[in-house]
2 protein chains.
Amino acid sequence: MARSDTRYREAYNRILAYCETLPPKAPIPSETSLAEIAGVSRTVIRRCLARMEELGLISWQGRDKHLLRAPLAEDRIAVPETPSDKNDLEQRFLDWVLRFDVPANTPLSVAELSRTFGVAQHDLKEFLAGLSRFGLVSRRPQGGWMLLGFTKDFAIELSDFRSVLELNAVTQVAEVPVDHPVWAALAQLRQDHLALKNAIDTDFHEFSKLDERFHLAINSVVRNRFIAEFQKVISLIFHYHYMWDKTEEKDRNAAAIDEHIAIIDALEARDAEAARLAAQRHLRTSKTTLLSSLRHHDLG
Amino acid sequence: MARSDTRYREAYNRILAYCETLPPKAPIPSETSLAEIAGVSRTVIRRCLARMEELGLISWQGRDKHLLRAPLAEDRIAVPETPSDKNDLEQRFLDWVLRFDVPANTPLSVAELSRTFGVAQHDLKEFLAGLSRFGLVSRRPQGGWMLLGFTKDFAIELSDFRSVLELNAVTQVAEVPVDHPVWAALAQLRQDHLALKNAIDTDFHEFSKLDERFHLAINSVVRNRFIAEFQKVISLIFHYHYMWDKTEEKDRNAAAIDEHIAIIDALEARDAEAARLAAQRHLRTSKTTLLSSLRHHDLG
DNA sequence: TTTATGTATTAAATAATTAAATGCAAGACT
DNA sequence: AGTCTTGCATTTAATTATTTAATACATAAA
């Protein structure tokens, strides 16, 4: 019960490592500077110093602190390893939802999710609270959460929103100076598209990666924290759905390659209007594909 | 320590109210149906029944439950009133940030916020986690949260994002059928704008409300959960900043009225391109105003 | 066979608890 | 004097423990 002392333990080892760089019998800097070195508060530093004194590593009386002997490997303190990264929780969660085809309106148990993802319950709750801002999950009246996503309405609204963002991005690309890295990226993408088009009969499943690269390049010109946040989620969802809808995959991908090239053509000609139209055409296809992949799933 | 029994207390009173509708000595329905009536689980219902039996309100043996006497006012159980609504927390929080001009990079104390807003700490944490999705707040390495918002970059990106959403909305309005309620709303708005323009010398501060109504009407045609979520935050921020930047308020508002009317003109002529251009002009003005309001704050 | 109840298990909300951060005053050193 | 350092006290935050509530399943009654 009560919070862990991981912060202290990590700080302790960090301070120990710092002391190894000091000459023998060197004076030890002030608590404040040690706190800065370890990136923690003075409270934690004092705990560290207390332990170091106890172990006979240092002498400590008031502001007189001296190193008595060089720290050894066995002086280090054990840190409870974090069971699982908490940063890529979003990636892993969406992956889980899509990979296992978790249907819409599924109740989500925080306790269970906490186990499967190896993340503390309240961290998960915070995460879900964040997702609820995207309308992906919501609180249930009787407590807990529920997955809302991946109904038809959701897919339509997601596609529409994606279109709005992406058309904006395309328009901006057309107005960007020639020395912007996006032009090099697009030139490379054109070659890779043409190469894949030639080998489409065998390598058509390679398109998914290419698609992601293409849209990432287009959106890279937009520097906007709000849009960036959404793009992460959007691209993940589209990516997976494309991968799993296997109906007419080869034909779909071949068509998409042409659509991508049409966009690149228009952009390199700096024809913003043509690029918008080409992008619109492509996004309409994407929307249809996403919707049909849902329909296939509904039917079994 | 441990969760409150508010759910039980509310259910109890609800069941009592239901029993008042029953005739004397009536049999009481099954636990499952009572659970449905009160909107809680059977566990809670059984607690309710136990208390009702204890008070002599009902007899209860196995599945034989009968009303013994009509419930009285004093049979009701006290429910701890929720100190403060938790739903409008967003409104109140943003209001607080903007009204007190909380500067960017201010550490936010969950404990303190919890007191000022009368909301439990973990509810606040969930709320902040949600806001972090909008890039308004973020976690601090040493724990807690910090307000990021309302730097120049933030304002620029917010304005740009707003423009993207709003230009999309304007385009959609132009394509909406004649019987859509937006047309009636716009007709009314045109009149109100003209009326305010005539009385601009005295009533210019009335514009803020009109502005909000105008943008709400435009955006009402877009049915999209993602966009709707953002619009709430965006409109609130712009609304407050407009209200507080008092420099040349009268002139600004007069100009904005003309810009609004220009948009309405183009829309009623179903000229999507002209409407986009008019909206673009207006949004550019808005952005400038928002930025200058920040600049004024920085200097004083 | 259906429906209701009894019982057990699991999950969720929330306060208690400890770790850590912060604030302030007094003292030491330059 | 003035700055830096420490000692001490207070406040805050993370995390567990605990209670309430929901759910699952078995059993019994209709």
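Proteins get letters first, then strands, A, B, ... in listed order; numbering begins at 1 in each. Side chains are part of it too, since the values below use all heavy atoms of this structure and drop only hydrogens, waters and symmetry mates.
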From [atom1] of [X] over to [atom2] of [N], roughly how many Å is that when rounded to an integer?
{"X": "Leu124(B)", "N": "dT14(C)", "atom1": "CG", "atom2": "C1'", "value": "15 Å"}
{"X": "Met146(B)", "N": "dA13(D)", "atom1": "CE", "atom2": "P", "value": "13 Å"}
{"X": "His122(A)", "N": "dA11(C)", "atom1": "NE2", "atom2": "C1'", "value": "17 Å"}
{"X": "Gln121(B)", "N": "dT14(C)", "atom1": "CD", "atom2": "P", "value": "13 Å"}
{"X": "Arg51(B)", "N": "dT20(D)", "atom1": "CZ", "atom2": "C1'", "value": "17 Å"}
{"X": "Ile77(A)", "N": "dA19(C)", "atom1": "CD1", "atom2": "P", "value": "12 Å"}
{"X": "Leu128(B)", "N": "dA14(D)", "atom1": "CG", "atom2": "P", "value": "11 Å"}

| field | CD/Gln91(B): more than 12 non-hydrogen atoms of other groups inside 6.0 Å | value |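 Counting other residues, nucleotides and ligands, CD of Gln91(B) stays at 12 neighbours or fewer.
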
| Enclosure of Arg223(B) CZ (heavy-atom neighbours >12, cutoff 6.0 Å) |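 Open.
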
| said: So that I can tick it off, tell me whether Glu229(B) and Arg133(B) are bridged by a salt bridge, with the cut-off set at under 4.0 angstrom between side-chain N and carboxylate O. | reply: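 Judged by the 4.0 Å cut-off on N to carboxylate O distance, Arg133(B) and Glu229(B) do not form a salt bridge.
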
| Under the 3.5 angstrom rule, does the side chain of Asn13(B) hit a backbone N or O of Ile77(B) as a donor-acceptor pair? |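 Between the backbone of Ile77(B) and the side chain of Asn13(B) there is a qualifying donor-acceptor contact (under 3.5 Å).
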
| query | With distance as the sole test, does Lys25(A) use its side chain to make a donor-acceptor pair with the main-chain N or O of His66(A) at under 3.5 Å? | reply |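 Not at all, since once roles are kept as given, no pair shorter than 3.5 Å links the two residues.
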
| said: Does anything in residues 29-45 of chain B form a side chain to side chain donor-acceptor pair (under 3.5 Å)? List the pairs, not counting sequence neighbours. | reply: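 For residues 29-45 of chain B, and leaving out neighbouring residues, the side chain to side chain donor-acceptor pair (under 3.5 Å) pairs sorted by first residue read Ser30(B)-Ser33(B), Glu31(B)-Arg42(B), Glu31(B)-Arg46(B).
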
Distances under 3.5 Å between protein N/O atoms and the N/O atoms of nucleotides 20-24 of chain C, please, pair by pair.
| unit_1 | atom_1 | unit_2 | atom_2 | d |
| --- | --- | --- | --- | --- |
| dA20(C) | OP1 | Asp5(A) | O | 3.4 |
| dA20(C) | OP1 | Arg7(A) | N | 3.3 |
| dA20(C) | OP1 | Tyr8(A) | N | 2.8 |
| dA20(C) | OP2 | Arg47(A) | NH1 | 2.8 |
| dA20(C) | O3' | Arg7(A) | NE | 3.3 |
| dA21(C) | OP1 | Arg7(A) | NE | 2.5 |
| dA21(C) | OP1 | Arg7(A) | NH2 | 3.0 |
| dA21(C) | OP2 | Ser41(A) | N | 2.8 |
| dA21(C) | OP2 | Ser41(A) | OG | 2.4 |
| dA21(C) | O5' | Ser41(A) | OG | 3.3 |
| dA21(C) | N7 | Thr43(A) | OG1 | 2.5 |
| dT22(C) | OP1 | Arg140(B) | NH2 | 3.2 |
| dT22(C) | O4 | Thr43(A) | OG1 | 3.2 |

| message | Any side-chain N or O of Arg46(B) below 4.0 angstrom from OP1/OP2 of dA8(C)? | response |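 Indeed not, no polar side-chain atom of Arg46(B) lies that close.
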
| request: For DNA chain C, find the residues of residues 18-37 of chain A with a heavy-atom distance under 4.0 Å and give them by number; none if there aren't any. | output: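 Hits under 4.0 Å, by residue number: none.
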
| field | Residues touching DNA chain C, which here means a heavy atom under 4.0 Å, drawn from residues 55-66 of chain B | value |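 When residues 55-66 of chain B is checked for heavy atoms under 4.0 Å from DNA chain C, the hits, listed by number, are Gly62(B), Arg63(B), Lys65(B).
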
| request: Could you pull out the closest heavy-atom pair between Thr151(A) and Ala104(A), with the gap in Å? | output: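 Between these two residues, the closest heavy atoms are CG2-CB, 3.4 Å.
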
| Arg139(B) NZ/CZ over Trp145(B) ring centroid, <6.0 Å and within 45° of normal |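 Verdict for Trp145(B): a cation-pi partner in Arg139(B).
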
| said: Would Arg92(A) and Phe117(A) count as a cation-pi pair here, with the cationic atom under 6.0 angstrom from the ring centre and within 45° of the axis? | reply: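 Verdict for Phe117(A): no cation-pi partner in Arg92(A).
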
| task | Tell me, please, which residues at least two apart from Arg63(B) pass salt bridge (charged side-chain N to carboxylate O under 4.0 Å, His left out). | result |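 Once residues adjacent in sequence are excluded, Arg63(B) has no partner under the salt bridge (charged side-chain N to carboxylate O under 4.0 Å, His left out) criterion.
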
| said: Counting the atoms with a prime plus P, OP1 and OP2 as sugar-phosphate, which does Ile45(A) contact under 4.0 Å by heavy atoms, base, sugar-phosphate, or nothing? | reply: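 Result for Ile45(A) = nothing.
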
| request: Indicate, with a heavy-atom threshold strictly under 4.0 Å, whether Leu108(B) touches base, sugar-phosphate, or nothing. | output: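 Sugar-phosphate only.
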
| Which pairs pass ring-ring contact (aromatic ring centres under 6.0 Å, His included) with one or both residues in residues 121-141 of chain A, sequence neighbours excluded? |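 Checked against ring-ring contact (aromatic ring centres under 6.0 Å, His included) - neighbours excluded - the pairs reaching residues 121-141 of chain A are Phe93(A)-Phe127(A), Phe134(A)-Phe230(A).
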
